[in-house]
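Worksheet: the structure to be examined is printed underneath.
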Amino acid sequence: MNQEECKEIKQALDLFLNESLERILMSNPTDSGKISRSRIRPLLMKGRLVFQAEEQAGKQAFHRNLDRDEAADYVTGLLDGSFRQAEIASGLGKALILVSRKGKVTVKVKQNPRTARILPAGNPASREPERTVLLSHNRKKHYILEEGIPVPFLVDLGVMTKEGRVVNSRYDKYRQINRFLEFIEDILPNLDQDRESTIIDFGCGKSYLTFAMYYYLKELKGYPVRIIGLDLKEDVIEHCSRLGRQYGYEGLSFCHGDIASFEGVEKVDMVVTLHACDLATDYALEKAVNWGARVILSVPCCQHELNGQMENSLLRPVLQYGLIKERMAALYTDAIRAQVLEYRGYRTQILEFIDMEHTPKNILIRAVRQGKKRDNGLQIRELADFLHVKPTVVELLAPELWESGKKTKDS
């Protein structure tokens, strides 16, 4: 990055690094083994404006507080070798900073007409927002789908009123939808804006999140997508299909059928499976991996398989309590699923989907295909032997581990 490009980035940051900033999202890392994502937001701490950076490194998150100049240096430094994209959202407008693989920098700034000011030459720092937003750790959360702006499908699904106000009894669903879209936002660099991406939503149900995903990707972000919702309830599929046609969502369709037997497409870019019960999650993961999906988002539920199999003399004092055994079985199930995905060449994270107070189904498995398989087969097999279990996900995606384990025991 040369001095002129660095100066251009600093000028854009100088416009947005103030109280009106909503967030800066750093994405498309050059080395996902280091920092995979960074999100910057403003905070008012003891009367002083700071910018808090949340860095995601592997499965851990780290925070640091920066002043205005430090934040500008921080973002510029990350774009000079660590990340290829910075997306800025602010009350003053928005900006997108892209760095090509050859190092060419592109800065696109779009100011809101009502906040743009004419500046004295050579003095970009003189820009001031028309109003100051009170910031604190308890400030009102910014949602991707903002309250006050009516979204047709949220109105029809009973989450919003026609005026855009969130219905009190549906606020948990509104938060869940926005939390899900934050996960979608994080994986945008893995979707191609130059070609149509195919996305399958297994077990879409009433399709709150399916509609939200299409609206965000197609209507707000302009990605060419084809999204297919699949569910076993025919009346639900008919209702969702009718709504999709009503909104003019040509790239959104719904099909009746189950996960294991679905053969409607040959190649899929992203697979979403939310609250697929018990083994349905495993069959969805098998489909996703065999399709070579670049992204998998899975929120499992009702994991009964390991609960009926787990047996270990060392853990017997703990497993004698049914509730404890049930919860441990669910956690072990999701951990093994994540490890199997790593074995098949995905970088996998287990994240909190929604606060426990809203729903007990609060674990999301997010997997992004890397191509390089992890050499963890022996660990998976030893864990299965320790628990005396034979998970379906291993039989579907890594059956050779059972064969290698048998050979080891025979020898």
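What you are looking at is a predicted structure, and each value in this text was computed from that prediction instead of being measured.
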- Query: Under 3.5 Å, is there a donor-acceptor pair between the side chain of Glu5 and the main chain of Lys104?
  - Reply: no
- Task: Using only heavy-atom distances, determine whether the side chains of Thr392 and Asp282 contain a donor-acceptor pair under 3.5 Å.
- Result: no
- The side-chain contact (heavy atoms from CB on, under 4.5 Å) partner of Phe83 among Ile35, Val99, Val75 is Ile35
- Check whether the ring centres of Tyr174 and Tyr143 lie less than 6.0 Å apart, and answer yes or no. yes
- Item | ring-ring contact (aromatic ring centres under 6.0 Å, His included) contacts in which one or both residues fall within residues 249-270, not counting sequence neighbours | Phe211-Phe254, Tyr214-Tyr249, Tyr247-Tyr249
- Tell me, with the steps shown, if Met328 and Leu331 meet side-chain contact (heavy atoms from CB on, under 4.5 Å). CA-CA 5 Å; Met328 287 179 65; Leu331 292 173; 5.7 Å; no
- Query: Heavy-atom distance under 4.5 Å between the side chains of Arg101 and Thr30, does that happen here?
  - Reply: no
- Note on the structure: Here the gap from Leu66 atom CG to Tyr74 atom OH, rounded to the nearest 0.5 Å, amounts to 7.0 Å
- Message: More than 12 heavy atoms of other residues, nucleotides or ligands under 6.0 Å from CG of Asn2: yes or no?
- Response: yes
- Query: Does Thr281 offer a backbone N or O that forms a donor-acceptor pair with the side chain of Thr273 under 3.5 Å?
  - Reply: no
- Query: Any chance CD of Gln320 has more than 12 other-residue heavy atoms, nucleotides or ligands included, within less than 6.0 Å?
  - Reply: yes
- Item | Close side-chain approach of Ile88 and Leu15, heavy atoms under 4.5 Å | no
- Task: Using only heavy-atom distances, determine whether the side chains of Gln56 and Arg39 contain a donor-acceptor pair under 3.5 Å.
- Result: no
- Query: How many angstroms lie between CG in Asp278 and OH in Tyr283, if you round to the nearest 0.5 Å?
  - Reply: 10.0 Å
- Message: Quick one, Gln246 and Asp156 - any side-chain contact, counting heavy atoms below 4.5 Å?
- Response: yes
- Minimum heavy-atom separation for Ala72 to Thr76, with atom names? O-OG1, 2.8 Å
- Taking NZ, NE, NH1 and NH2 as the nitrogens, is one of them in Lys390 or Glu305 under 4.0 Å from a carboxylate oxygen of the other? no
- Item | Shortest non-hydrogen separation from Val107 to Ala12 and the atoms involved | CG1-CB, 3.9 Å
- Message: Using side-chain contact (heavy atoms from CB on, under 4.5 Å), reason through Leu285 and Leu396 one step at a time and then give a plain yes or no.
- Response: CA-CA 9 Å; Leu285 295 180; Leu396 294 174; over 6 Å; no
- Does Pro224 offer a backbone N or O that forms a donor-acceptor pair with the side chain of Arg195 under 3.5 Å? no
- Item | Donor-acceptor pair, side chain of Asn178 and main chain of Ile144, under 3.5 angstrom | yes
- How long is the gap from CD1 on Ile228 to OG on Ser253, to the nearest 0.5 Å? 5.0 Å
- Kindly say whether Glu352 contributes a backbone atom to a donor-acceptor pair with the side chain of Arg179 at under 3.5 angstrom? yes
- Got a second to check how far Leu191's CG is from Thr198's OG1, nearest 0.5 Å? 10.5 Å
- Check whether more than 12 heavy atoms from other residues, nucleotides or ligands sit under 6.0 Å from atom NZ of Lys94, and answer yes or no. no
- Can you tell me if Arg344 uses its side chain to pair, donor with acceptor, with the backbone of Leu397 under 3.5 Å? yes
- Query: Under 3.5 Å, is there a donor-acceptor pair linking the side chains of Tyr343 and Gln379?
  - Reply: no
- Check against side-chain contact (heavy atoms from CB on, under 4.5 Å), Val340 and Leu401: CA-CA 10 Å; Val340 170; Leu401 296 184; 5.7 Å; no
- Message: Contact between Leu323 and Arg327 at the side-chain level, heavy atoms closer than 4.5 Å - yes or no?
- Response: yes
N/O donor-acceptor pairs under 3.5 Å from side chains in residues 288-304, not counting sequence neighbours:
unit_1, atom_1, unit_2, atom_2, d
Asn290, ND2, Glu286, O, 3.3
Trp291, NE1, Val265, O, 3.4
Arg294, NE, Asn190, O, 3.1
Arg294, NH1, Asn190, O, 3.3
Arg294, NH2, Asn190, O, 3.2
Gln303, NE2, Asp334, OD1, 3.1
Gln303, NE2, Asp334, OD2, 3.0

- Query: Do Asp201 and Asp231 have side-chain heavy atoms sitting under 4.5 Å apart?
  - Reply: no
- Query: Thinking salt bridges, do Lys287 and Glu263 make one under a 4.0 Å N-O criterion?
  - Reply: yes
- Taking the side chain as every heavy atom from C-beta outward, state whether Leu13 and Arg68 have any pair of such atoms under 4.5 Å apart. no
- Query: Can you name the nearest heavy-atom pair linking Pro150 to Met160, along with the distance?
  - Reply: CA-SD, 3.9 Å
- Item | Considering all heavy atoms, the nearest Phe51-Asn18 contact | CZ-N, 3.7 Å
- Is a side-chain donor or acceptor of Arg226 paired with a backbone partner of Glu196 at a separation under 3.5 angstrom? no
- Message: With a 4.0 Å cut-off on N to O distance, would you call Arg64 and Glu55 a salt bridge?
- Response: yes
- Check whether any side-chain heavy atom of Val271 lies under 4.5 Å from a side-chain heavy atom of Phe202, and answer yes or no. yes
- Query: What is the distance from atom CG of Leu383 to atom CD1 of Ile380, rounded to the nearest 0.5 Å?
  - Reply: 8.5 Å
- Output yes when Asp67 and Arg48 qualify as a salt bridge under the 4.0 Å nitrogen-oxygen rule, no when they do not. no
- Query: Should we say atom NZ of Lys267 is surrounded by more than 12 heavy atoms from elsewhere, each under 6.0 Å from it?
  - Reply: yes
- Item | Basic-acidic side-chain contact under 4.0 Å: Glu182, Arg23 | no
- What is the minimum heavy-atom distance between Ile177 and Ala212, and which atoms define it? CG2-CB, 3.6 Å
- Task: Could you tell me whether a side-chain N or O of Gln11 sits under 3.5 Å from a main-chain N or O of Glu8, the two making a donor and an acceptor?
- Result: no
- Task: Might you point out which heavy atoms bring Tyr208 and Arg170 nearest each other, and give the distance in Å?
- Result: OH-NH2, 2.5 Å
- Please check if atom CD in Glu146 has more than 12 non-hydrogen atoms from other residues, nucleotides or ligands closer than 6.0 Å. yes
- Note on the structure: To the nearest 0.5 Å, atom CZ of Arg366 lies from atom CD1 of Ile187 at 8.5 Å
- Task: Report the C-alpha distance between Glu147 and Arg165 in whole Å, list the side-chain angles of each, state the deciding distance to 0.1 Å, and finish with yes or no for side-chain contact (heavy atoms from CB on, under 4.5 Å).
- Result: CA-CA 6 Å; Glu147 186 169 8; Arg165 182 180 62 82; 3.8 Å; yes
- Message: Can a donor-acceptor pair be found, under 3.5 Å and without considering hydrogens, that links the side chain of Ser90 to the backbone of Glu22?
- Response: no
- Message: Taking the side chain as everything from C-beta on, heavy atoms only, tell me whether Val272 gets closer than 4.5 Å to Ile200.
- Response: no
